[in-house]
Every structure is written in structure tokens, then in C-alpha cells.
Novice: 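What follows is a single structure, and I will ask about it in a moment.
Chain A is the first sequence line, chain B the second, and so forth, proteins listed ahead of strands; every chain is numbered from 1. These values consider heavy atoms only, across backbone and side chains, with no hydrogens, waters or symmetry-generated copies.
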Number of protein chains: 2
Amino acid sequence: MPEKLDDVARLAGVSAATVSRALRGVPGVADRTRSRVLAAAAELGYAISPAASSLATGRTGTVGVIVPYVDRWYFSRIISGVERVLRDAGISLLLYNLGDNPGRARFFAGLPLRRRVDAVLVLSLPLTEVERELLLGLDAPLVTIGTEELGADSVGIDDHGAAATAMRHLVQLGHREIAFIGERDPIPLGFTTPLRRLAAYREVYHQVCREDGREPEAAFETAGGFTVAGGERAMSGLLGLPRRPTAVFAASDEMAFGALRTLRRAGLRVPEDVSVLGFDNHDLADLLELSTVAQPVAELGERAGRLLLARLSGGKIATSPAILGTRLVLRGSTAPRSPR
Amino acid sequence: MPEKLDDVARLAGVSAATVSRALRGVPGVADRTRSRVLAAAAELGYAISPAASSLATGRTGTVGVIVPYVDRWYFSRIISGVERVLRDAGISLLLYNLGDNPGRARFFAGLPLRRRVDAVLVLSLPLTEVERELLLGLDAPLVTIGTEELGADSVGIDDHGAAATAMRHLVQLGHREIAFIGERDPIPLGFTTPLRRLAAYREVYHQVCREDGREPEAAFETAGGFTVAGGERAMSGLLGLPRRPTAVFAASDEMAFGALRTLRRAGLRVPEDVSVLGFDNHDLADLLELSTVAQPVAELGERAGRLLLARLSGGKIATSPAILGTRLVLRGSTAPRSPR
DNA sequence: CTGAAAGCGCTAACAA
DNA sequence: TTGTTAGCGCTTTCAG
């Protein structure tokens, strides 16, 4: 394993420089020489030292991926997607999980990926101005998923539009009292996705209220922390309200799952008593008969991966955000509002 | 950003060697000197070049994690666990997803982590002898989760014991016709975990059959591919059998979820008509009222992470596998066998 | 098309 | 305690 370039050079009867050129496939090496070198390298089981190469070239063959969570469905799917395309291109993936706010602060203070990566991908994490500058200061291409940042390519979905479509579906079913389970300020890691979905909820719900000539119920906007447990709690709160919603729109399937559970425990039927609509099309949404907004999660990752590769090879690419499509998936958890 | 050690040295009025020592916190630097260096480094926003450092020391500050999947609950949880402890120790995590068998072959052929990592963690992936030698040839400490390999530290659970306990629970409930949903040869990526659970199933089930003086039903051993869809299919097959099981033990919760779904669609009640028992204690098992065997997934990852750190700092540690505890979690999907 | 030589930025002896 | 001097293994001019 401690083979070096010179060993290969000696065996092939050429200079180290030629071996380097041959191994990297750069033009300007005679075919015969190249194959001789390749044979020698294979014979020795030679593999290049990334550190030395990186020191000499400044490139690392590695991309840094910054995530707020790795063990949530949405994030693990995306990571899987980018990993696949990077791997196919021979790029390694360095994973950085922020963890929590102190962890995030530590990350940006230490910036452990500095000089370790050729490009950076940030998942669903709106950056502060300082953070963005720090990342751009790495002078490596920056790509984001789910957010848009100055100086970065981005891929995402139309959160607002998708959420509005979902809400309109509920309205068409006759629902007027619609609650929202999502997230409000202060937002854990600064996510804006929930806010965009909340905004769409509000627009549609408030419009309905205007039509009905009544005040929107502020307590219908609840926080579920994007977890099953949070969704459960939020739904419990809603059930305690004097005026109960007949439909609930959750900003993630996990929270919708929690809502389903609370409803079942409370002896309420879905969708007869309450309609529930989620967001994501989680693997288990189908199993739980949850109507939801499907977003192409793995594809977001792949798309971002390809963007990274394009930037790495210096490709001049469209800088406008790539917006992937979503679609409403109707299952058994939504139905026309039943007369009270 | 293009600061180098010498810049710091100049500013602090010392030599590069001293800066190097001070920055790494090695002993043998006067306190005053050290703080002067630190101040200079901070002023310049200096950060070490990992490539250069790595070239000089042979260490990379990075651990490679090899996984068969990243977007499955079990794996993403484990990754999250190791990542947390490595991060706290300032170690970066290079993620390698094998993908499929060709991907696996490519990985071991190219061995992209060669010279990129100081240690390697392998998740639930029994290695061929060749693969093991390749990995050990990296001469970096090797740790595995869920398998045991010569020359590697390992952490895992007692699959066989846990599965046997689960099976005995079903027997105690009066079940005699118990089916298994898991995996049989040929195994996708060579997993042995399913086999250990299968073996436990067989022991208990065959014992029951002996007691009853009848032949075990071979068709009760089904393959579910560790996915929800696979579990659904397996359960469908079981329902088509002339002699139907009254209880089903699935080697993973995901497969159990699929089984639940098939049963519900077939109009059968759980647990009245069929008991279902899973394995993992997936986040959603609670929601679906699934009885299951809980294993400390995140802790497996953390434990492995700590093992890696210990090996990296040259600690001589117990080489025997660390076995973490499991426990049966009884929910609503298992009940005494009802008279037919 | 190929080789020689000079780094890339840091660390590790060895001296002082 | 600090500085000097060689590398670590590869890439990249620049000659040839």
C-alpha cells in the first residue's frame, strides 16, 4: 500500500511526471507509454494519494453536504440522491450535520470543511448573511436545496404554490374551518419552508373567512415541529378549541401522521369527521391512506448533485433556481365536509 | 483565505514550526508564545490546510462510513449517531453508499476511501474475505455494526436472542401457526441479520410443530426485502395459503407495516384475526400500534463512533463485540390467539 | 511526447 | 522553548 508514483515510474521505465499525466488521462502522452504506465500501476496496486494530489492541485475530489438532520425521511432521501450522482462521478461526500443551534454556531466558527471540499451543498437551511459569506468565502461553488441564496445555485419546489393547491382542494371539498400544523417563529434552525407553506395556508383560509364574513381563527395556526409527536400535540390542541376545524393541513406527512393518531385516539373518524392533508408523500403515507402533496425528494438531490458536478467542471449554467414539480395525491384521508 | 502558516509565523514573530506546534496544542510551547500565535492566527482568519497536514502526518481527520443504504430508517439513524460523536471530536465523516452489487464491486475495486480516512466503519454488511482484506489493507482501524469480522471491532445486538424472545412471546399467546417475513438466500447485499432472525424463528416454530406432532409449513418462511411493499407481498402470499398463520413475525417494522396493510385490505383484523410482531421499533411503530422488538439504533451508532475514536487515539480497547440490549415492546398488534 | 526541477503547505527530527 | 532543515507525494512549468 505504500506505493508511490516513483515506484510506478521506475517499473514503467518513465518519469514520475509521465506517470502522473498518464494516470489522470491528460492528453499529451503516447498511447504506448500510457498503457505501459497503466499496467505498471495495476501491477503494483497503486492508488494516488489524495492528500498529495490535493496539495499540488488545490482540488480535493470531495463535496461537502451540510444538513440540519440526517435521520429524517426528507433529508436522508435527498442525501441518498446526491450521493448517487456524486459517486457515479467519482466524487466523495463529506457529511456535516449541524445538530442544533450551538452546533450550527460551532460549525460556522470552525468551518471544518474549509479546504476540504471543492463545492458545498446546503440542504433546506436558510443562511444568515454572515454564514452565506463564510460559505462563499470558501470560494467553492455553492448549491442549495429548498432555499435561495445570493451567489448560489438552487433547486427546490414551489412551496407556496403547492401548499395553496392543497388548501384549495380542501376548500373545494366544502371545508371552511381549516387548521394548519407547521411551524411558527421562532423557527428551530431558521427554516423558511414552513413559513412559505404557512403563508399559502393563510391566504386561502383568510379568503374563505372573508367570504363567510367572519374572523379567521388564529388558534388554527399551530406548530408541530415537523415530528410525529409534534403533530399529535398540535392536533390535541386543535381538538380542545371551542370551534373545531373540519380539515387540517399539515406541512409535513410526519406531522400529519401524528394528527391522525390523535384523531383516532379521540374517537374521531378520518375523513368523515376531520379531513387530514399532508405534505411530502412520505414512504408510509400510502400505508396510512394519507392524502398529501408529493414532492420529488430524491430527484431534488440528484438535480443538486448534477448542478454541483456542472459547476465543478466549470460549466456555465443557468443560475436561475430549478423548480421541480409537485402533485396532489389524493388518498383516503380527505373527503367532502360532512354536514354537522 | 490563502493564508499560510508562514504568514501567521511572520505576524507572530516566530517560526512556522512554532506556529504549527502552538496551533495543534502540542506541549513544549511557552504560554506567551502560544497565545501570541493564536492571536495572530485569529487575526488572519487562518485555518490549516488539511491536505498539507495530511501529507505530512499521514493522518486525515476523517472517518469513512460504508453503508448499503442511506435512506432507510435504520441506517439513517445510525449515521446520525456516529456523525454526532465524530463531529464532537472534530472528525469529518466521509459517506460511501454502496447502492447495489455492481456499485459494491466498483467500490471495492476503486476503494475510493484509500488514504482518505483514518478509520472505517461498516454498517450491517457482511464482507467477503477479499473485501475484508482490502479494508484491513488500508491499515486503518475497522469497526463494524451488525456483523463481526476478524480484525474489526464490532457493535451490535443479539439478533438471535431477540428474535427468539419475540417468537416465544407469540407462542405464549397461544399461537402455533406462525409465519416469518424476512429474507432468504440469495440475500441482496449479503446481509446476515435476516438469517439470524430467521434461524431463531425456525427454532421456535419447529419446536412448536414437534410438540404438536406435525410438519412445519415451509411456505411460512417468506421474503419481504425489508421494505413495506415487500412485506405487503409476503403477507398476500401467506393469506393465499391453505393453512393460514394466526401470527406473523416480521424481521423489520417496515415489512410489518406492509403486512398490516395487506391484512387491513383483506378485511382481517389485527390482532383479533392475525397478530403481527415487528422488529426495530421504528419511529412510526408506535403510531401504527405495532408490537415490536426495540433495538437502540442511535446508540449503536454512537457506540461505534466512540470505538472509532478510541482506536484513533491508539487506545487499546476490548476487542470483544459490544452487544447492546433489546426489549420487547408490546402494543396493539399482538394478542392471544382467538379460537377459530 | 517526455523529463527535470521546483514547489503545494505542513510536520518532524535535530540542533541550538 | 524555539528555529532549521528536510521531506510527505503529487503536479506543473519549462526545457529538451
Novice: Using atom CG of A:Asp6 as one end and atom C1' of D:dC8 as the other, report the distance to the nearest whole Å.
Specialist: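 It is 12 Å, rounded to the nearest whole Å.
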
Novice: Excluding sequence neighbours, so at least two apart, what forms salt bridge (charged side-chain N to carboxylate O under 4.0 Å, His left out) with B:Arg10?
Specialist: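 Counting only residues at least two positions away or on another chain, B:Arg10 forms a salt bridge (charged side-chain N to carboxylate O under 4.0 Å, His left out) with B:Asp7.
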
Novice: Return the set of residues passing ring-ring contact (aromatic ring centres under 6.0 Å, His included) with A:Phe107 (not counting sequence neighbours), or none when no residue passes.
Specialist: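 Partners of A:Phe107 by the ring-ring contact (aromatic ring centres under 6.0 Å, His included) criterion, ordered by chain and then number, come out as A:Tyr96.
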
Novice: Knowing that exactly one of A:Val120, A:Leu95, A:Leu123, A:Thr144 qualifies, which makes a side-chain contact (heavy atoms from CB on, under 4.5 Å) with A:Ile66?
Specialist: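 Filter result, single survivor: A:Val120.
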
Novice: Spell out protein contact along nucleotides 11-16 of chain D as letters: B when the base is contacted, S when just the sugar-phosphate is, - when no protein heavy atom is under 4.0 Å; keep the 5' to 3' order.
Specialist: BBB---

Novice: Angle, rounded to 10°, between the helical axes spanning five pairs at each terminus of the helix from C:dC1-D:dG16 to C:dA16-D:dT1?
Specialist: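 Roughly 30°, once rounded to the nearest ten degrees.
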
Novice: What's the CG-P distance between B:Leu55 and C:dA12, to the nearest Å?
Specialist: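 The distance from CG of B:Leu55 to P of C:dA12 comes to 12 Å, rounded to the nearest Å.
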
Novice: Identify, with sequence neighbours excluded, every residue that meets side chain to side chain donor-acceptor pair (under 3.5 Å) alongside A:Asp71.
Specialist: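 So A:Asp71 forms no side chain to side chain donor-acceptor pair (under 3.5 Å) with any residue.
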
Novice: Using a 3.5 Å cut-off and no angle test, enumerate the donor-acceptor pairs between side-chain atoms of residues 12-20 of chain A and protein atoms at least two apart in sequence or in another chain.
Specialist:
unit_1, atom_1, unit_2, atom_2, d
A:Ser15, OG, A:Ala17, N, 3.4
A:Ser15, OG, A:Thr18, N, 3.3
A:Ser15, OG, A:Thr18, OG1, 3.3
A:Ser20, OG, A:Arg24, NE, 3.4
A:Ser20, OG, A:Arg24, NH2, 3.2

Novice: Using whole Å, report how far CZ of A:Arg115 lies from C1' of C:dC8.
Specialist: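 Whole-Å distance recorded here is 11 Å.
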
Novice: Starting at CZ of A:Arg116 and ending at C1' of C:dG9, how long is that distance when rounded to a whole Å?
Specialist: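 Result: 14 Å.
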
Novice: Check whether any side-chain N or O of B:Ser15 sits under 4.0 Å from OP1 or OP2 of D:dG3, and answer yes or no.
Specialist: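 Result: yes.
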
Novice: Measure across B:Phe108 and B:Leu134 and return the closest heavy-atom pair with its distance rounded to 0.1 Å.
Specialist: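 Taking B:Phe108 first and B:Leu134 second, the nearest heavy atoms are O-CD1, 3.7 Å.
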
Novice: On DNA chain C, does the nearest nucleotide to A:Gly13 precede the nearest nucleotide to B:Ser49 from the 5' side, or the other way round? Give the residue.
Specialist: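 It is A:Gly13 whose nearest nucleotide is closer to the 5' end.
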
Novice: Excluding sequence neighbours, so at least two apart, what forms salt bridge (charged side-chain N to carboxylate O under 4.0 Å, His left out) with A:Arg34?
Specialist: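 In terms of salt bridge (charged side-chain N to carboxylate O under 4.0 Å, His left out), with neighbours along the sequence ignored, A:Arg34 is linked to no residue.
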
Novice: Excluding sequence neighbours, so at least two apart, what forms side chain to side chain donor-acceptor pair (under 3.5 Å) with B:Ser154?
Specialist: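 For B:Ser154, no residue satisfies side chain to side chain donor-acceptor pair (under 3.5 Å) once neighbours in sequence are set aside.
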
Novice: What salt bridge (Lys or Arg N to Asp or Glu O under 4.0 Å) pairs are there with at least one residue in residues 78-95 of chain A, not counting sequence neighbours?
Specialist: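 Counting only pairs at least two positions apart or across chains, the salt bridge (Lys or Arg N to Asp or Glu O under 4.0 Å) contacts touching residues 78-95 of chain A are A:Glu83-A:Arg87, A:Arg84-A:Glu302, A:Asp88-B:Arg106.
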
Novice: Which residues pass the side chain to side chain donor-acceptor pair (under 3.5 Å) test with A:Ser53, sequence neighbours left out?
Specialist: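 So A:Ser53 forms no side chain to side chain donor-acceptor pair (under 3.5 Å) with any residue.
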
Novice: Contact list please: residues 25-40 of chain A against DNA chain C, heavy atoms, distance less than 4.0 Å, in numerical order.
Specialist: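 Those residues whose heavy atoms fall under 4.0 Å from DNA chain C, taken from residues 25-40 of chain A in numerical order, are A:Gly28, A:Val29, A:Ala30, A:Thr33.
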
Novice: List in chain and number order the residues that pass side chain to side chain donor-acceptor pair (under 3.5 Å) with A:Ser49, two or more places apart in sequence or in another chain; answer none if no residue qualifies.
Specialist: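 For A:Ser49 there are no side chain to side chain donor-acceptor pair (under 3.5 Å) partners, ignoring immediate neighbours.
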
Novice: Rounded to whole angstrom units, what separation is found between the CZ atom of A:Arg114 and the P atom of C:dG9?
Specialist: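 It works out to 15 Å between those atoms.
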
